[in-house]
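Atoms considered below: every heavy atom in the structure, side chains included; atoms not considered: hydrogens, waters and symmetry mates.
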Amino acid sequence: MVTSAVSTENKAGSESQNYTEYAGDYGSIIQSRLLELEKNRFAERFFDYDHLLWADNPSEIANRLGWIHLPKQMLAAANGIDDFSESIRKKGFTDVVVLGMGGSSLSSEVFRNIFTLRDGFLRLTLLDTTDPDFILKTRESIDLSRILFVVSSKSGSTVETVSLMKYFYGELARKTASPGEHFICITDPGSKLIQTADEHGFARVFINDPNVGGRFSALSYFGLVPASLAGINIRRILESASSVLLELENAVGGKCHESPSFRLGTFLGVMAEQGRDKMGFVFSEKLFPFGCWVEQLIAESTGKNGTGILPLLDEEVPDCPRPGDDRAYILLSLREDGTVDTAASRIRNSKIPFVKIVVDSPDQIAAELFRFEFAVALAGSIMGINPFDQPDVESAKAFARSFLGLYRETGELEPEEPDFSRNGLAFSSNRNIESPEQLKDIISSKKKGYVSIQAYVDPAEENSKELLSLRAQIESISPVPVTLGFGPRFLHSTGQLHKGDSGEGFFIQIVSDNENDLPIPDDVGSAESAFSFQVLKTAQATGDFRSLDETGRGIARIRIPSDIPQGVRKIARIFA
């Protein structure tokens, strides 16, 4: 049965023509859940910031719900943001580079790649890696004299963001007497960044609402300031999201089952409860950049307490749906996109539950940002978890900090002795793997869960293509889904799910050597440096290895030379 937001009759107002839900055998469960939400006054309590919707303890809930009213609240700040952007253009800046990490920064990529950019505004780039080769290529490709850096960190202490800030400030200090004029920051009240910005003459400090968590901050200063600098109409963003906020407000005292957003959240929660916790995504090509953002939102919000929803990107229509009774699908489509329609037909014919959401133009994607934020929050309530915390993210960070502390004291990281080497590749694992063939056997015989490729390498396009080919090669021999993420980006998103879910993942960590290295200044403007980006990258990879091992996950590390495409192709041959 294919249903609209109401049932089969399309009576959900204007939203019904944009929302299709095929629940299969789970329709009665979804309807029952929606009735429970209405009975328990979920909509009213949501707007009252009632933490009891998620947990008895208000910690990291009561102070994480500020995003609810952002579509309306930020309209009051829109003129000021745009005025600032205009002043930056008048100063001759041509590019803006966001130095950030995790959910608070990924919305920049969504806006840059989906919205129509206007001529005469700044070119927008997100830099969220600690790989020194990629950082150096970025440095060499830009004219520092015309760059504005946006330092984006809620806490003001995110190690990747702060390290990048220190490095680029030092580079600018060699070229100008006033490097601070090339920096602004977006952060929370009381952040260390505020003092740094004041001491070093940053051009502007934007203080964000501290009650907005990073992955729920797309419609706050974190997302809107870079968007405005790039010439994106932020009023249109907020008005688009406001349409979903109005939909939710209309559900107060009314019928939750008439709201596509309530239905989407219920679908996510029920599918996870029923064991369909692998959520495949199919996108219209223009909307594909939405994937990285929604991946981190879902994975970090739901992957905890032994449960979680694993987002699967790059689902290709010819191979869709993939086999397995643990899957469901979400399709995000531009209207009249035949490719997505074909995928919907294939999925329905296979009797796999799915939701299809249609937008009339790419500019409406902001509505889906807000819809998915709400849906994931609702799904967390159904799943019995707090979607606003990230209890397992800290473990990898703690291990990395300890390794960096050791490096400061001794001048070297803990020695890495591989278990064995083959064809220029060095292998280590916590599963007593003694040969590449044994690693292949483990992957090919895996009956449930998933395989995750964790690539601590230069995220250049050519390397990404090789890693996608490796992913496809592993999928060809594996009965379980295979995901791919670049480190350290994934540590702030899917990294939570990797350590907090049911523990059925197996991890292939790929760490490359680097042709170059770059020192990280000890402080902003300092000439002293205790360690480099190569050391930081290695410490982060090793820290994540230790964290996964500590939580009982199976992991194999493969260290490759600096020729990344060749190294990845060698790995792919293992699984041929």
Side-chain angles (χ1 to χ4, degrees), residues 1-8 10-24 26-27 30 34 71 107 110 114-115 218-219 237 240-248 250-251 256-271 276 279-295 297-298 309 311-313 315 317 320-321 327-348 352-379:
M1 174 181 65
V2 179
T3 66
S4 72
V6 185
S7 61
T8 59
N10 289 333
K11 293 182 179 177
S14 61
E15 287 291 336
S16 62
Q17 62 181 324
N18 295 337
Y19 183 92
T20 302
E21 178 186 298
Y22 171 73
Y26 306 98
I30 289 175
L34 286 164
S107 57
V110 175
I114 292 182
F115 280 76
L219 302 176
I237 288 175
S240 175
S242 293
S243 68
V244 177
L245 176 57
L246 178 61
E247 171 204 320
L248 298 175
N250 288 339
C256 292
H257 65 262
E258 294 183 356
S259 162
S261 302
F262 267 93
R263 296 199 71 97
L264 176 61
T266 305
F267 179 86
L268 287 169
V270 168
M271 290 302 107
R276 290 188 177 269
M279 191 63 60
F281 279 84
V282 178
F283 299 97
S284 290
E285 183 177 358
K286 180 64 175 175
L287 304 181
F288 186 79
F290 186 80
C292 286
W293 179 86
V294 80
E295 178 188 43
L297 174 72
I298 293 175
I309 300 171
L312 302 173
L313 308 183
E315 296 287 276
V317 172
C320 183
R327 297 207 183 209
Y329 280 87
I330 293 177
L331 293 76
L332 189 58
S333 173
L334 289 170
R335 191 167 299 285
E336 298 179 356
D337 184 337
T339 302
V340 177
D341 290 340
T342 298
S345 296
R346 287 176 178 268
I347 297 168
R348 184 172 60 239
I352 297 176
F354 73 89
V355 162
K356 179 185 173 187
I357 298 172
V358 176
V359 298
D360 293 313
S361 75
D363 286 352
Q364 293 179 358
I365 199 67
E368 304 314 316
L369 291 169
F370 192 72
R371 188 188 317 283
F372 273 86
E373 287 176 347
F374 172 78
V376 167
L378 173 56

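In this structure the side chain of Asn250 never reaches within 4.5 angstrom of the side chain of Ser259, judged on heavy atoms. Within the 4.5 Å cutoff, the side chain of Asp341 has heavy atoms near those of the Lys356 side chain. Looking at Phe370 and Glu373, their side chains come closer than 4.5 Å, going by heavy atoms from C-beta outward. Side-chain atoms of Val282 and Phe354, non-hydrogen and from C-beta on, never get closer than 4.5 Å to each other. For the pair Val294/Val376, no side-chain contact is recorded, criterion being any heavy-atom separation below 4.5 Å from C-beta on. Using a 4.5 Å heavy-atom cutoff, the side chains of Ser361 and Asp363 are in contact. Within the 4.5 Å cutoff, side-chain heavy atoms of Leu219 are placed close to those of Pro71.
Distance check, rounded to the nearest 0.5 Å: CG of Leu264 to CD1 of Ile330 gives 5.0 Å. Note that CG of Leu331 and OG1 of Thr339 are 11.0 Å apart. Values are rounded to the nearest 0.5 Å. Between the NZ atom of Lys286 and the CG atom of Leu334 there is a distance of 9.0 Å, given to the nearest 0.5 Å. To the nearest 0.5 Å, the span separating CD1 on Ile357 from CD on Glu21 amounts to 10.0 Å. The line from CG of Leu287 to CD1 of Ile114 is 5.5 Å long, rounded to the nearest 0.5 Å. Note: Leu297 CG to Ser107 OG = 11.5 Å, rounded to the nearest 0.5 Å.
In terms of modelled atom types and a separation under 3.5 Å, the side chain of Ser240 and the main chain of Ala367 share a donor-acceptor contact.
Listed here is the closest heavy atom pair of Ile352 and Arg327: CG2-O, 3.5 Å. Cys320 approaches Tyr329 most closely through the heavy-atom pair SG-CE2, 3.6 Å. Here the shortest heavy-atom pairing between Leu332 and Ile365 reads CD2-CD1, 3.8 Å. Considering all non-hydrogen atoms of both residues, Val110 and Pro289 come closest at CG2-O, 3.7 Å. Nearest heavy-atom pair across Ala23 and Ile30 is CB-CD1, 3.9 Å. When all heavy atoms of Ser333 and Val340 are compared, the pair lying nearest together is CB-CG1, 3.5 Å.
Ring geometry for Phe281 against Phe372 counts as tilted: the plane angle lies between 30° and 60°, on a 0 to 90° scale. Note on ring orientation: taking the six-membered ring where Trp is involved, the planes of Phe290 and Trp293 are tilted (angle from 30° to 60°).
When the ring-ring contact (aromatic ring centres under 6.0 Å, His included) test is applied to Phe374, the partners found at least two apart in sequence or on another chain are Phe46, Phe262. Residues satisfying the side-chain hydrogen bond (donor to acceptor under 3.5 Å, both in side chains) criterion with Ser261, sequence neighbours excluded, are Glu247, Arg371.
Identified under the salt bridge (charged side-chain N to carboxylate O under 4.0 Å, His left out) test for residues 330-340, with sequence neighbours left out: Arg335-Asp360.
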